[in-house]
Amino acid sequence: MEKCKLKKGDRIYECRYREATLTELIEDPQVRVQGGDSHYWHWKARVIETSSYNVAPGDVVEYGILEEASHYGPSLYRQNVYEVGADNAERILPPFDTTREAVIKKVSIADDVEILGHVFHGLEDIRKHVEMSLYKRYSYGPADEQKPEKTCEVHVGEMWMPYPCFDADDYANEDRTYQNFVFRDRPITQDDMKALSELRSKGDECRVSELMPAEVLPVVYYVGEGGIMLVAM
């Protein structure tokens, strides 16, 4: 079995449905072997930040990496009761490395902004590069692929959500949306969009925060009105 890459002090970002928990390992993992050739690494972690109703900041929880077959690769689970397994454990999707805090800037939607070495000429230019779009709705589904108006070496995915409507006038006239953009130096995937959608929202569907998983960055957020957008690097 390959040695577990996670070690004491590493941070993990857990996403389960709409809950999110940032935890830090407080002991080095130890390997355990079960029957049926299954084995996993086990350790404990302290909760740093959470929106979950099941745990609170400061709580100590147990985790395990389960490997049932080598071609599956390692899967990260939170331990439930006495054993770790697909039937009785909550899977953590995915095991992000969150050791780096995001650098967040407020910039004008008309300003040039350099992301992954490419200069986007404001928010409208970013929108023209979108190749995958996810409508963040209550029923979960895949993001839609679309043909971008402009292409470059940086690829862009967008998650959007319409402003809430409360009456007939709202439904007839409200066209604002909350917008989160993710950037990659390769084509955007469904996993990229899923990771973006599972980030904790700070309100107004904003997925930008100081403790974002490093693997998700960079991310740009626009509230849907006004002249300022947030850029997290």
Side-chain angles (χ1 to χ4, degrees), residues 11 13 15 18 20 22 49 51 93-137 140-165 173-233:
R11 293 183 177 182
Y13 190 87
C15 295
R18 298 194 174 198
L22 185 68
E49 180 183 354
S51 62
L93 300 173
F96 288 125
D97 173 11
T98 58
T99 56
R100 179 167 66 87
E101 294 185 358
V103 177
I104 301 173
K105 298 180 180 179
K106 292 183 179 181
V107 301
S108 167
I109 61 174
D111 284 350
D112 288 352
V113 57
E114 182 175 342
I115 300 176
L116 298 179
H118 178 79
V119 176
F120 291 93
H121 305 296
L123 179 62
E124 285 303 317
D125 192 30
I126 291 174
R127 287 173 175 157
K128 291 178 180 179
H129 286 79
V130 171
E131 63 186 45
M132 191 168 285
S133 179
L134 176 65
Y135 172 29
K136 185 67 173 61
R137 55 197 182 277
Y140 295 95
D144 296 321
E145 296 184 14
Q146 61 186 61
K147 187 176 181 179
E149 296 181 39
K150 298 172 66 176
T151 59
C152 66
E153 65 276 12
V154 177
H155 303 261
V156 183
E158 176 193 22
M159 181 183 72
W160 62 279
M161 186 74 178
Y163 270 47
C165 294
N173 299 291
E174 183 60 82
D175 60 358
R176 293 171 298 177
T177 62
Y178 306 112
Q179 301 152 33
N180 290 271
F181 300 90
V182 64
F183 301 79
R184 294 290 179 268
D185 57 5
R186 47 146 178 87
I188 299 292
T189 67
Q190 294 289 345
D191 286 342
D192 293 326
M193 302 308 300
K194 182 178 177 63
L196 177 63
S197 70
E198 290 180 338
L199 290 177
R200 182 180 180 183
S201 174
K202 296 185 66 176
D204 292 340
E205 292 298 324
C206 179
R207 295 311 199 263
V208 170
S209 66
E210 291 77 9
L211 291 176
M212 295 178 66
E215 285 80 359
V216 179
L217 297 169
V219 171
V220 168
Y221 169 76
Y222 180 57
V223 71
E225 62 180 0
I228 299 297
M229 60 184 176
L230 299 180
V231 180
M233 306 289 283

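For Glu131, there are no salt bridge (charged side-chain N to carboxylate O under 4.0 Å, His left out) partners, not counting sequence neighbours. Annotation: salt bridge (charged side-chain N to carboxylate O under 4.0 Å, His left out) contacts of Lys128 (sequence neighbours excluded): none. Under the rule for a side-chain hydrogen bond (donor to acceptor under 3.5 Å, both in side chains), the partners of Arg176 that lie at least two apart in sequence or sit in another chain are Glu174, Glu225.
Of all non-hydrogen atoms in Arg184 and Asp192, the two that sit nearest each other are NE-OD1, 3.5 Å. Nearest heavy-atom pair, Val216 versus Ala195, reported as atom, atom and distance to 0.1 Å: CG2-CB, 4.3 Å. In this structure, Met233 and Pro218 approach most closely via the heavy-atom pair SD-CB, 3.6 Å. The minimum heavy-atom distance linking Val113 with Ile126 is given by the pair CG1-CD1, 4.4 Å. Of all non-hydrogen atoms in Met193 and Met159, the two that sit nearest each other are CE-N, 4.0 Å. Shown here for Leu116 and Asp185, the closest heavy-atom pair between the two residues is CD1-N, 3.8 Å.
Distance check: Tyr222 OH to Glu158 CD gives 12.5 Å after rounding to the nearest 0.5 Å. Separation of atoms CD (Glu205) and OH (Tyr178) is listed at 7.5 Å; rounding is to 0.5 Å. The line from CE of Met161 to OG1 of Thr177 is 10.5 Å long, rounded to the nearest 0.5 Å. Note that CD1 of Ile228 is 8.0 Å distant from CD1 of Ile109, once rounded to the nearest 0.5 Å.
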Exercise. Under the side chain to side chain contact (heavy atoms under 4.5 Å, CB included) criterion, do Leu230 and Cys206 qualify, and how do the steps go?
Worked result: CA-CA 9 Å; Leu230 299 180; Cys206 179; 4.1 Å; yes
Problem set entry | Working for side chain to side chain contact (heavy atoms under 4.5 Å, CB included), residues Arg127 and Gln179 | CA-CA 10 Å; Arg127 287 173 175 157; Gln179 301 152 33; 2.8 Å; yes
Exercise. Could you walk me through whether Phe181 and Leu123 pass the side chain to side chain contact (heavy atoms under 4.5 Å, CB included) check?
Worked result: CA-CA 10 Å; Phe181 300 90; Leu123 179 62; 3.8 Å; yes
Exercise. Could you go step by step and tell me if Met132 and Gln190 meet the side chain to side chain contact (heavy atoms under 4.5 Å, CB included) rule?
Worked result: CA-CA 8 Å; Met132 191 168 285; Gln190 294 289 345; 4.0 Å; yes
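Side-chain contact check for Tyr163 versus Asp204: every heavy-atom pair is 4.5 Å or farther apart. In this structure, Asp144 and Leu134 have side chains that are not in contact, with every pair of non-hydrogen atoms separated by 4.5 Å or more. No side-chain heavy atom of Val119 sits under 4.5 Å from any side-chain heavy atom of Asp125. Side-chain contact between Pro148 and Val156: absent, with no pair of heavy atoms (C-beta onward) separated by less than 4.5 Å. In this structure the side chain of Val182 reaches within 4.5 angstrom of the side chain of Ile188, judged on heavy atoms.
Counting heavy-atom neighbours within 6.0 Å of Lys150 NZ, excluding the residue itself, gives a total above 12.
A perpendicular orientation is assigned to the rings of His118 and Phe120, their planes being inclined by more than 60° (bins at 30° and 60°).
Between Trp160 and Tyr135, the distance separating the two ring centers is shorter than 6.0 angstrom.
Asn180 contributes a side-chain N or O that, together with a main-chain N or O of Arg207, makes up a donor-acceptor pair within less than 3.5 Å.
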